[in-house]
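To start, the structure itself, in C-alpha cells.
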Amino acid sequence: MSAKTETAIWLALKSRIESLPLSYTKAWPGQTFEVPHAAGLPQPYLRVGRITVAPVRQMIAAGKPHRRTGALIVTLVYPLGQDVSAYDQIAGMVADHFRDGTQMTYGGVCVSVTDYPHVQEGFEDNGFWTVPVRIPWQCFA
C-alpha cells in the first residue's frame with residue numbers, strides 16, 4: 001500500500017531533518033522523549049513540530065492535485081550559559097539546511113521549501129534557551 005499524501009509529506013520532511021549535519025538528539029512529534037544527559041548535565045536537542053494548512057483546490061475538476069502548505073518547526077533547545085549569538089549560529093545551520101528551493105521527495109510527492117526559513121527570537125524555558133526555526137513548505141498533490 002502506498003503512503004497517503006499527508007504521510008508522504010511528513011516522511012519527505014522527516015528524511016531531510018534526519019540528514020541535518022548536527023548530532024543532537026531529536027524529539028519527534030507523537031513520540032515519548034527524555035532530555036539527554038551526559039555526566040549528569042542536560043544536553044542540547046532539537047524538538048520537531050509541524051503546522052499544516054487546509055489543502056486548496058487548484059482545478060475545477062474533482063480529484064486533481066491540491067496545493068498543500070505548512071511549516072516545519074525545528075526548535076533548538078540548549079542549556080543556558082552561552083551568548084545568544086552561539087544559539088543563533090546553530091539555529092542558522094538548521095535554516096541553511098532547508099534554504100529556499102530545497103526539494104524533498106517521498107513516494108512521488110515532492111515538497112519544496114518556499115522561502116528562506118525564519119530563525120525566530122529565542123527565549124528562556126526552564127533552564128534552556130529555545131530557538132524555533134520556521135521552515136515554510138508547499139506541494140501539489
Task: Val119 with Ile73, same ILVMFWY side-chain cluster at under 4.5 Å - done: no
- [ ] Please confirm whether the backbone N or O of Ala141 pairs with a side-chain atom of Arg68, one donor and one acceptor, at under 3.5 Å?
- [x] yes
Task: For Asp96, salt bridge (Lys or Arg N to Asp or Glu O under 4.0 Å) partners two or more places apart - done: Arg99
Task: Considering all heavy atoms, the nearest Trp137-Thr114 contact - done: C-CG2, 4.0 Å
TODO: Return the minimal non-hydrogen interatomic distance between Pro79 and Phe128, and the atom names on each side.
DONE: N-CD2, 3.5 Å
TODO: Provide the closest heavy-atom pair for His37 versus Val35 in the form atom of the first, atom of the second, distance.
DONE: ND1-O, 2.9 Å
Open item on the list: Is there a path of hydrophobic side-chain contacts, each under 4.5 Å between heavy atoms, that joins Met93 and Val77?
Closed with: no
- [ ] Considering non-hydrogen atoms only, spot the tightest contact between Ala3 and Tyr106 and give its length.
- [x] CB-CE2, 4.0 Å
Open item on the list: Just to verify, which of Phe33, Tyr78, Tyr24 counts as forming a ring-ring contact (aromatic ring centres under 6.0 Å, His included) with Tyr45?
Closed with: Phe33
- [ ] Please report the shortest heavy-atom distance between Pro136 and Asp115, naming the atom on each side.
- [x] CG-O, 3.6 Å
Task: Hydrophobic cluster identity match, Val109 and Phe140, side-chain contacts under 4.5 Å - done: no
- [ ] Identify whether Val131 and Leu22 are in the same connected component of the hydrophobic contact network (ILVMFWY, side-chain heavy atoms under 4.5 Å).
- [x] yes
Task: Straight-line distance of Ile51 CD1 to Thr69 OG1, nearest 0.5 Å - done: 11.0 Å
TODO: Find the distance between CH2 (Trp129) and CD (Gln82) and round it off to the nearest 0.5 Å.
DONE: 12.5 Å
Task: Approximate separation, where rounding is to 0.5 Å, of Thr130 OG1 and Leu80 CG - done: 8.0 Å
- [ ] Look at atom CD of Gln31 and say whether more than 12 heavy atoms of other residues, nucleotides or ligands are closer to it than 6.0 Å.
- [x] yes
Task: Any Leu72 side-chain heavy atom under 4.5 Å of Trp10 side chain - done: yes
Open item on the list: Can you tell me if Gln89 has over 12 outside heavy atoms packed within less than 6.0 Å of its CD?
Closed with: no
Open item on the list: Could you check whether any side-chain heavy atom of Phe98 comes within less than 4.5 Å of a side-chain heavy atom of Val133, counting everything from C-beta outward?
Closed with: no
Open item on the list: Let me confirm one number: the OG1-CG distance from Thr75 to Asp125, rounded to the nearest 0.5 Å.
Closed with: 10.5 Å
Task: Atom CD of Glu34: over 12 foreign heavy atoms under 6.0 Å - done: no
TODO: Would you mind reporting whether Met104 and Leu13 have side-chain heavy atoms less than 4.5 Å apart?
DONE: yes
Task: Exercise: identify the closest heavy-atom pair between His97 and Arg16 - done: O-NH2, 2.6 Å
Task: Distance, nearest 0.5 Å, that separates CG of Leu46 from CG of Leu76 - done: 6.0 Å
Task: Cluster link Val48 to Ile90, ILVMFWY, side chain under 4.5 Å - done: yes
- [ ] State the NZ-CG distance between Lys26 and Leu20, to the nearest 0.5 angstrom.
- [x] 6.0 Å
